[in-house]
Structure formats: C-alpha cells, structure tokens
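Start at 1 with the first residue, then count along the sequence.
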Amino acid sequence: MNAIWLTTPKEKVQQLQEKLGHAAKMSKSRKFHALYDKVHRMDVLQEAWRRVRANKGAAGIDGETLADIAKMGEDRLLAECQERLLKKTYHPQPVRRHYIPKKDGRKRPLGIPTVRDRVVQMATKLILEPIFEADFQESSFGFRPKRSAKQALERIRKACNRKGNWVVDVDIQGYFDNINQEKLMKLVAMRVSDRRILKLIRGWLGAGVMEEGTVRRSDLGTPQGGVISPLLANIYLNYVDRLWEKHGYEVGELTRYADDLVVVCKTRKDALHAYKLIQAIMERLELTMHPEKTRIVGLWTGEEGFDFLGMHHRKTKAETSQNRVYYTTQQWLCPKAENHIREVVKERLAPPRMRHLSFQEHVEWLNLRIQGWKNYYATPYSSKWMTKLDWYIRMRLTKWYAKKRQRKRWRSSGYEVKRFSQMYGLKTLL
C-alpha cells in the first residue's frame, strides 16, 4: 500500500511560488494573465491568514481584531474572503490612520488595513512576489525573501574596502506618500496582465485613509502599514536599480534597502556624477531627494563617515603584521541606534508601574532584546559602544531595584544587582 503524503497549505503555496518564479525567470518579457484564480485558492488564503496572524497588528476601521476572528472562526473568515473574491464583491475598506512618534518630534503616519483586507493583500502578495523577485536586482535588500539588512551592510563594507573612498548617501523625501500611482500601475502591468489583479491593487491604492471620521483619497502614495505596500514600493524603486545597472554601473556600486540607498564610488568626480544620475532617475519617478539629508561623503581621510541601516561607517587606520599602514572600513552602531536602545531600556525600567515585577521577569524581557541587538549591532569595532550600553542597562536595573526596595541611594544596591544578574543569567552586548 502506497503511503499518502499530505502537504500543508504552506508547502502547497511554496510549490506554487516556485513554479511562478521559475516561469518568470525563464522569460523576462512574459506577462502573467491568469493569477486571480490562484489568489482565492483556499490553501493560499490559509497561508495568508497564518502569516497575518503571526504578524499580529491592530484592528482596522471596522474595529475587528485578530482575537475577534479567532472567536468567530478562521474557517468562516476565509470562506467569506473566498466567496467575495469569487463573486467579485470584494471591495477594500479605507485604512485607519495611526501615528508613530519620531525622535525629532514629528510623527510617522501608518495606514492600518482591516484584518480581511490584510488577508487578501497577503494572498495577492504570495502570488505576485515570486514573479517580481525574478526582476529585482542584486543591489536591493529590503523586504525581500532570504535577504537582510546585514547582507546590505556587508556589501557596503566590501565596496568601501575596494577603494570606495566616496559615498553618495541618498534620502528620498516622503517616499511612501509620493509614489505616483499611475506610474506604479504601469510598472506592475509590465509583468501582470490579469485585469482582476490590477483592479485589486488599484482598489488598495485608492481606498483612502480614514482620519477623525473622514476618508481622504489621493492619487499619490501607498499607505505605510499595508501588507502589500513593501512589495509595491520595491517594484517602483526597481526602476532605479535597473537604470543604475544600465547607466551607472561603472560610476559606483549601488546598495538599496527599501527607500534607503547609498552609492559607493572611487573618486569625487564619480560621486558627483552618481549624484546627478540618481537625481535624474528620481525626477523620472517624480520623487525628490531630501536637500539636507542627501550628501556626498569623503571617506578616504577617515574624518567623515555616514550612517546607514542603524550603523555608522567610517574608514580608520590599521596596520599589517609588517607595520604597513592601510585604511579599512569599520562599522558600529550609530548614535540614533544607541539612543533608541537607551530609550527602550528606560521605558521598561523607569516607570513606577514596573516596580511590582520581579528581577527575573525583567531579566527575561531584557535578554530577548539584548540578544537581538547583539546579533545585529555587534561588530569587531563596536565594543566601546556595547560596553557603554551594558553599563547603562546595569545602571537602569540598579535604579529600578533601589526604588523597588525604597532605598534613597541607588548605588548601594549595585552588589545585589550584580549577584542577581549572575543568578538569573542577564546577557551582555559584548
């Protein structure tokens, strides 16, 4: 008797993605016209729901939370989504506007779609992503499967060490709010000719934002917070990557992570050329480079550096075993990242409401974050900053412990905190 192998929705979707990706790689000019029927496949919707649930997230304008869906039953949710897609009665709802405070006092706007819209967006993303992945360039690292910020940082480090002494550090002004939707749709249509898929994407772009009970719609932008927004943002900026491969390859090496990008050049002349070239490409996309944040940085003397993806990059002197002096690119966490870590620790340990928790509970919470920070920020050159942050974490823990014990002088609790830290296994950044 032959064994029957049952494949999970995740495995089925992976098989489908591999087929779509392979077809896209085989023909760079191929347009896909039959995709909508794959979006409403139950295994695709099940995998989409699994990912949406794992990402957590708040409710949209309908107030329906993930917990509400769990009570109602996920099978019912997916059946409803499938029915609406099949009958073509699915209409996206406006996203809920939510603001996240930034360090400079301004606020970053997020658009939170409803859970149902997130599921349908995720299902569509699962189908479209492998097709566009075939077109994306080696220089792009943000929001892509099997690619990370660490890989982008390593590419930059190597480019700088290959006589890359000048860098064009580019900042796009209000990128997500200024994407030209018509141009974006044309770029999507270069690969997708299925009108029902194009209608879905247009629906999400045009759904608008609800703020204080009023819906605002715009012909510009894609809401930050939407499941499909990072893919659409990459499709739009892939135009930059492709034009750079064609016209700027000999000028410098481009590295892009979502809307953050740098070009590493060998000479100042090349850097000036790269700046003008990027500017011209941005004008075609109707985007603007930030006049203050976009700059040309000279690395070769070691006096200047630049920040990218939370790391500071700078060339410093080093010696070979034969006492020959050379410059090498060093990376360590930038001041903005350092301040963020301090703020996270302070927000946890400083408030009076946190005093009722036990030492062990705080250690367990801190250890998760410390390990994450260490994995990302630890480099052979960052020990000075990591040591300072380890001291700060210990100091904040000591102040918390002194307040819990109602002691006026926090320093006198240092020995006990050191002992408890060892007992409960508090991790360090070094």
Side-chain angles (χ1 to χ4, degrees), residues 3-24 32-93 95-96 111-134 143-147 188 191-192 194-201 203-204 207 223 225-232 234-235:
I4 298 171
W5 295 101
L6 295 173
T7 52
T8 64
K10 183 180 178 181
E11 289 168 334
K12 287 179 183 175
V13 170
Q14 282 175 342
Q15 287 171 4
L16 175 60
Q17 287 182 316
E18 283 169 15
K19 284 180 185 175
L20 290 168
H22 180 70
F32 291 78
H33 64 275
L35 297 174
Y36 190 77
D37 61 319
K38 295 170 179 61
V39 170
H40 59 62
R41 266 174 44 170
M42 187 49 73
D43 55 345
V44 173
L45 288 169
Q46 286 170 336
E47 175 59 13
W49 164 245
R50 188 187 70 81
R51 294 192 185 198
V52 166
R53 189 180 54 199
N55 290 340
K56 297 179 181 176
I61 62 165
D62 60 358
E64 195 172 44
T65 64
L66 293 168
D68 294 332
I69 300 290
K71 282 180 192 172
M72 180 186 82
E74 59 187 64
D75 290 341
R76 186 175 151 192
L77 165 82
L78 299 180
E80 283 178 15
C81 288
Q82 188 181 51
E83 186 182 6
R84 288 181 191 179
L85 289 167
L86 278 166
K87 292 183 177 178
K88 298 185 178 66
T89 56
Y90 166 76
H91 299 291
Q93 291 186 272
V95 298
R96 180 170 68 84
I112 303 173
T114 64
V115 176
R116 292 159 196 270
D117 284 335
R118 294 210 292 272
V119 171
V120 180
Q121 282 190 26
M122 182 65 83
T124 308
K125 181 184 174 232
L126 289 170
I127 301 305
L128 293 183
E129 192 168 62
I131 294 168
F132 287 98
E133 269 295 314
F143 305 112
R144 292 182 61 191
K146 298 177 183 176
R147 291 193 149 232
V188 174
R191 271 301 204 173
V192 178
D194 189 329
R195 289 183 181 181
R196 296 162 299 177
I197 294 285
L198 297 176
K199 188 181 177 183
L200 275 181
I201 296 171
W204 291 319
V227 172
I228 205 162
S229 292
L231 175 62
L232 296 178
N234 267 335
I235 291 169

Are the side chain of Lys38 and the backbone of Ala34 linked by a donor-acceptor contact shorter than 3.5 Å? yes
Judged by atom type as modelled, is there a donor-acceptor pair below 3.5 Å linking the side chain of Asp43 to the main-chain atoms of Lys12? no
Might you point out which heavy atoms bring Ile201 and Val188 nearest each other, and give the distance in Å? CD1-CG1, 3.9 Å
Considering non-hydrogen atoms only, spot the tightest contact between Val119 and Ala48 and give its length. O-CB, 3.5 Å
How long is the gap from CG on Asp37 to CG on Leu86, to the nearest 0.5 Å? 10.0 Å
OG1 of Thr114 to CD of Glu64, rounded to nearest 0.5 Å, is 8.0 Å
Nearest-0.5 Å distance that lies between atom NZ in Lys10 and atom CD in Gln46: 14.0 Å
Between Ala134 and Gly21, what is the shortest heavy-atom contact and its length? CB-O, 4.4 Å
Quick one: pull up CG in Leu200 and CG in Asp117 and give me the separation to the nearest 0.5 Å. 10.0 Å
In a table with atom names and distances, give each donor-acceptor pair under 3.5 Å that connects a side chain of residues 120-129 to protein atoms at least two apart or in another chain.
residue, atom, partner, partner atom, Å
Gln121, OE1, Val227, N, 3.0
Gln121, OE1, Ile228, N, 3.1
Thr124, OG1, Val120, O, 2.8

Sequence-distant partners of Tyr36, ring-ring contact (aromatic ring centres under 6.0 Å, His included), two or more places apart: His40
Run through Arg53, Arg116, Arg50 and flag the one making a salt bridge (charged side-chain N to carboxylate O under 4.0 Å, His left out) with Glu74. Arg53
Would you name the heavy atoms of Val115 and Thr65 that are closest together and state the gap between them? CG2-C, 4.3 Å
Quick check against the 3.5 Å criterion: does Arg191 have a side-chain atom that pairs as donor or acceptor with the backbone of Ala24? yes
Can Val39 and Val44 be said to form a side-chain contact (heavy atoms from CB on, under 4.5 Å), step by step? CA-CA 6 Å; Val39 170; Val44 173; 5.6 Å; no
Within the side chain of Arg118, is there an N or O that forms a donor-acceptor pair under 3.5 Å with the backbone of Pro113? yes
Which distance, rounded to the nearest 0.5 Å, do you find between the CD1 of Ile197 and the NZ of Lys199? 12.5 Å
Check the pair Leu66, Trp49 against side-chain contact (heavy atoms from CB on, under 4.5 Å), reporting the backbone distance first and the verdict last. CA-CA 10 Å; Leu66 293 168; Trp49 164 245; 3.7 Å; yes
Is it the case that more than 12 heavy atoms not belonging to Arg195 sit under 6.0 Å from its CZ atom? no
How many angstroms lie between CG in Leu231 and CD in Glu133, if you round to the nearest 0.5 Å? 8.5 Å
With sequence neighbours excluded, tell me which residues meet salt bridge (charged side-chain N to carboxylate O under 4.0 Å, His left out) with Arg147. Glu138
